[in-house]
Every structure is written in C-alpha cells, then in structure tokens.
Student: 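Sharing a structure here in structure tokens format.
Please read these numbers as outputs of a predicted model, since none were measured by experiment.
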Amino acid sequence: MFVNSDNYIKYLKLWLITLFSLIVIMVAVGGLTRLTDSGLSITTWELFTGILPPLNINEWNFYFTEYKKIPEYQNINYGMSLDEFKIIFYWEYAHRLLARFVGLFTLLPLLFFSLYFKNTSHYSNKYYWIFFLVCLQGFIGWYMVSSGLTENNDVSHFRLSIHLSLALFILCLIFWYILDIYQIKKLHEKIPNLLLLFILKLIVFQIVLGAFLSGLDGGLIYNSWPDMNGSFFPNDIGYGDLINTQLFSNPSIVQFLHRSTAYLLLFFIIILNFIYFKKKYDFKYILFFDVAILIQIFLGIITLISGVEIRYASLHQLGSILVLSSYFLILYKNSN
Ligand code: HEM
C-alpha cells in the first residue's frame, strides 16, 4: 500500500501543536486547582470510575463524607457546606477529566501513526516518550495528592514541585519535537554551551524554588518589593539558617532564594545578550526570551505585592512556560 509521508508530517505537526496547547491548558487548570485550594477534594484515585461527576445527592454525600475525613477539612475547612464543597470538587474533577483526555489524545494518534505510517521514511517511535511521561505524570499527580490525605493539611511542596516540573519538561520535549519537525535553522557559529547550560540550570532551579514557594504558601509573607518588609534579608531568620537542612521547607528562605535567583538569572542573561550583540546573531530570538523573562519578573513581583491574587499567580505560573519555550528556541538553534 502506498502511504504518503507528507501526510504523516502534516498530522504529526497538527498533533504536536494541539497536544502542546492542551497541556498548557492542563497546567493552567492545575494551577487554579491549587490556588483555589481544591486539589484534595477527591480523596481516591478513581482512574476509570471517576469519569462522571456525582449525579445525585447520595453520590455527593459520599464524596463529601470522604472529604470530611481528611485533615484539610478538619483543620481548615471545618463546617464547609455541600455547595462550597461542590466548587472545590469541580476544580479537581476538571483537572482529572482533562488529564484523561490528554492521555487519550496522546495515545490514540500514536497508535494511528504506528498503524498507517510505520513504513514511511520519517516515521519514528520516539514520540511514545510523550505517552510514557504523560502516564508518569498521572502517577505523580496521585503521589502528590496522597501526601495531603492523612497527616498534613496540604500536599508536600516537594511532590508539588515534581508534578509541576514534569509537566514543564513534557512541554519542553514536545516543543523540541515541534522545532525539529519544522526544521528551524540552526546557528553556524555556536554560543558557548557552558553558559547556555548554566542559564538552563538556573531557570530550572528557579522554577523548582517557585513551586516550593507556592506549595509552602510562601507568597503570603513579605509582600513588599524590592525589600523584604524593610530589609534585604528576611528578619525572622538568620544567615546561619541558609545552611540548615530544613532550608527548602522554610518559606522565608525559599522566598529569599526565589528573589535572589531571579536577579542572578538576569545578570547572566545580560551577558548572553552581550554575546549575541558582539557576534551579530539574529537578535529576535534572544529578544523573545528577554521579553519573556521581564514579563515573568514583573508578574512575580505583582503576584507577591498583591498577596498572591489568583489571576496574577496563575499568569506567573504560565509565564514559566513562555520563559522555557523561548529559551528552548535558543538552545535548539545552538544545537548540532
Ligand atoms: C526569573 C524569573 C522567575 C521564574 C522563572 C519564576 C517561576 C515561578 C514558578 C514556576 C512558580 C510556581 C508557580 C505555581 O506553582 O503556581 C513561582 C511562584 C512564585 N513566584 Fe516566581 N518566578 C520568577 C521570578 C519571580 C520574582 C522576581 C518574584 C517576586 C519578587 C516571584 C514571586 C513568586 C511568588 C510570590 C510565587 C508563589 C505564587 C503562588 O503561591 O502561587 N517570582 N515562580
């Protein structure tokens, strides 16, 4: 049978771009689920049984009774009404429903490609990596939720950061595949990889710190900028605490580190700009990244000053996708 490999490329492009967009929506809904404190409202895994929401009062009562058993209800939301519970339930429900849809939207086209295009010249099995990572993300999501069901009022900020980081990693991988398939031109003369990788590590560190900060509700303290309530260093800790083993569980330190890493990043990005300028590279790519970083810093500051208003916090989370994508464009152009 003759199979047109152009069709394969066409479908692949469409699939990758749609999947990328779906996962961006997924990250936004996940962020809003966290910001509305809704993430623990469904206390069981229910991969298949939870596809439909509760359809009658008995089912609603069942879910509500289960929720009443966990510390978040007992210590924070005690006395919540069923109508209030429905709101947090629907956020988590939407997040999980979308997750199932993303899972299917990843697997079904892959099976279709394997079935119809396996013998075409450009066919590759590598896209199955996306499916593997999407499944892993589902397990990590549950691993995260389970940390908030028995002893703590909230999920572990470490597990939250794994969940967010993996989502962003999946997006970067898909984005790389998209750049590849569009055959974006690479630079002839390369930028030193050492500097590029160092900046990448700083960005990743900054994102992980950001997730720690949100998981610890650390944006609710020191709501001033550029100072931290009148001083450079948080006044409820000492410099010695920076070498403490509980370093990443202390909201004041995490906030201090998140601010400081932003400035450090900015410093190295200025050096990167200087290299682009000196070597007379096409400036629009770095400009795209510069704008993304500046917007992200601005959003971070207003998130903080506003005491983590949901709309700003959500935009700040999505801003990290813009930062990563624009930086991956630079990395891609510099790759061999
Ligand atoms: C270089 C740039 C930055 C990057 C890549 C970045 C990234 C992130 C990420 C990924 C999160 C976690 C979002 C979430 O889980 O919902 C976060 C949270 C946060 N960031 Fe940043 N950030 C940057 C700069 C800043 C700056 C300069 C500030 C303030 C001075 C700031 C303040 C915050 C606050 C307050 C939160 C917690 C928000 C919440 O609880 O939802 N960020 N950041």
Student: Check whether Thr303 reaches the backbone of Val308 with its side chain - one donor and one acceptor, N or O, closer than 3.5 Å.
Tutor: no
Student: Are Phe298 and Phe288 joined in one hydrophobic group, where the rule is that I, L, V, M, F, W and Y side chains link up if heavy atoms are under 4.5 Å apart?
Tutor: no
Student: How about OH on Tyr143, more than 12 heavy atoms from neighbouring residues, nucleotides or ligands closer than 6.0 Å, or not?
Tutor: no
Student: Consider only side-chain N and O atoms of Asn125 and Tyr123, and report whether a donor and an acceptor are under 3.5 Å apart.
Tutor: yes
Student: Can you check whether Ile269's main-chain N or O pairs, donor with acceptor, with Asn273's side chain at less than 3.5 Å?
Tutor: yes
Student: Rounded to the nearest 0.5 Å, how far apart are OG1 of Thr261 and CD of Gln206?
Tutor: 5.0 Å
Student: Using distance alone, with no hydrogens and no angle criterion, decide if Asn77 and Tyr67 have a side-chain donor and acceptor under 3.5 Å apart.
Tutor: yes
Student: How far apart are the C-alpha atoms of His95 and Met26, what are their side-chain angles, what is the distance that settles it, and do they pass the side-chain contact (heavy atoms from CB on, under 4.5 Å) test?
Tutor: CA-CA 7 Å; His95 188 51; Met26 188 74 215; 3.4 Å; yes
Student: Determine whether Trp91 and Trp45 fall in the same hydrophobic cluster, where Ile, Leu, Val, Met, Phe, Trp and Tyr are linked whenever their side-chain heavy atoms lie under 4.5 Å apart.
Tutor: no
Student: Is it true that atom CZ of Phe112 has more than 12 heavy atoms of other residues, nucleotides or ligands lying nearer than 6.0 Å?
Tutor: yes
Student: For a quick check under 3.5 Å, do Asp290 and Tyr276 share a side-chain donor-acceptor pair by atom type?
Tutor: no
Student: Are Leu315 and Ile207 co-members of a hydrophobic cluster defined by side-chain heavy atoms under 4.5 Å apart?
Tutor: no
Student: Do Leu331 and Ile271 belong to the same hydrophobic cluster, where Ile, Leu, Val, Met, Phe, Trp and Tyr are linked whenever their side-chain heavy atoms lie under 4.5 Å apart, directly or via other members?
Tutor: yes
Student: According to the interplanar angle, ranging from 0 to 90°, do the rings of Tyr327 and Phe289 count as parallel (below 30°), tilted (30 to 60°) or perpendicular (above 60°)?
Tutor: tilted
Student: Let me see the working for Tyr222 and Asn235 under side chain to side chain donor-acceptor pair (under 3.5 Å), right down to the final yes or no.
Tutor: CA-CA 10 Å; Tyr222 296 104; Asn235 55 20; 3.2 Å; yes
Student: Taking atom types as modelled, is there a side-chain donor on Asp180 or Tyr332 under 3.5 Å from an acceptor on the other?
Tutor: yes
Student: Could you check whether any side-chain N or O of Arg259 sits under 3.5 Å from a backbone N or O of Asp227, counting only pairs where one atom can act as donor and the other as acceptor?
Tutor: yes
Student: Would one find more than 12 heavy atoms of other residues, nucleotides or ligands at under 6.0 Å from atom NZ of Lys126?
Tutor: yes
Student: Using the six-membered ring of Phe113, assess whether NZ or CZ of Lys118 lies under 6.0 Å from its centre and within 45 degrees of the ring axis.
Tutor: no
Student: Please work out which of the three classes, parallel, tilted or perpendicular, describes the rings of Trp225 and Tyr263, given edges at 30° and 60°.
Tutor: tilted
Student: In Å, rounded to the nearest 0.5 Å, how long is the span from CH2 of Trp142 to CD1 of Ile42?
Tutor: 9.5 Å
Student: Do Ile87 and Tyr90 sit in the same hydrophobic cluster, where Ile, Leu, Val, Met, Phe, Trp and Tyr count as joined when their side-chain heavy atoms come under 4.5 Å apart?
Tutor: no
Student: Please report the C-alpha distance between Phe175 and Phe328 in whole Å, then the side-chain angles of each, then the deciding distance to 0.1 Å, and finally whether the ring-ring contact (aromatic ring centres under 6.0 Å, His included) criterion is met.
Tutor: CA-CA 8 Å; Phe175 189 61; Phe328 266 74; 7.5 Å; no
Student: Classify the ring geometry of His316 against His258: parallel below 30°, tilted from 30° to 60°, perpendicular beyond 60°.
Tutor: perpendicular
Student: With rounding to the nearest 0.5 angstrom, report the CG to OG1 distance, Leu40 to Thr43.
Tutor: 9.0 Å
Student: Would you tell me whether Ser121 and Tyr8 have side-chain atoms, one donor and one acceptor, within less than 3.5 Å of each other?
Tutor: no
Student: Under 3.5 Å, is there a donor-acceptor pair linking the side chains of Lys186 and Ser335?
Tutor: yes
Student: Do NZ/NE/NH1/NH2 and the carboxylate oxygens of Arg34 and Asp217 come within less than 4.0 Å?
Tutor: no
Student: Which label fits Tyr73 and Tyr78: parallel for a plane angle under 30°, tilted from 30 to 60°, or perpendicular past 60°?
Tutor: tilted
Student: Relative to each other, are the rings of Tyr177 and Tyr127 parallel, tilted or perpendicular (30° and 60° limits)?
Tutor: perpendicular
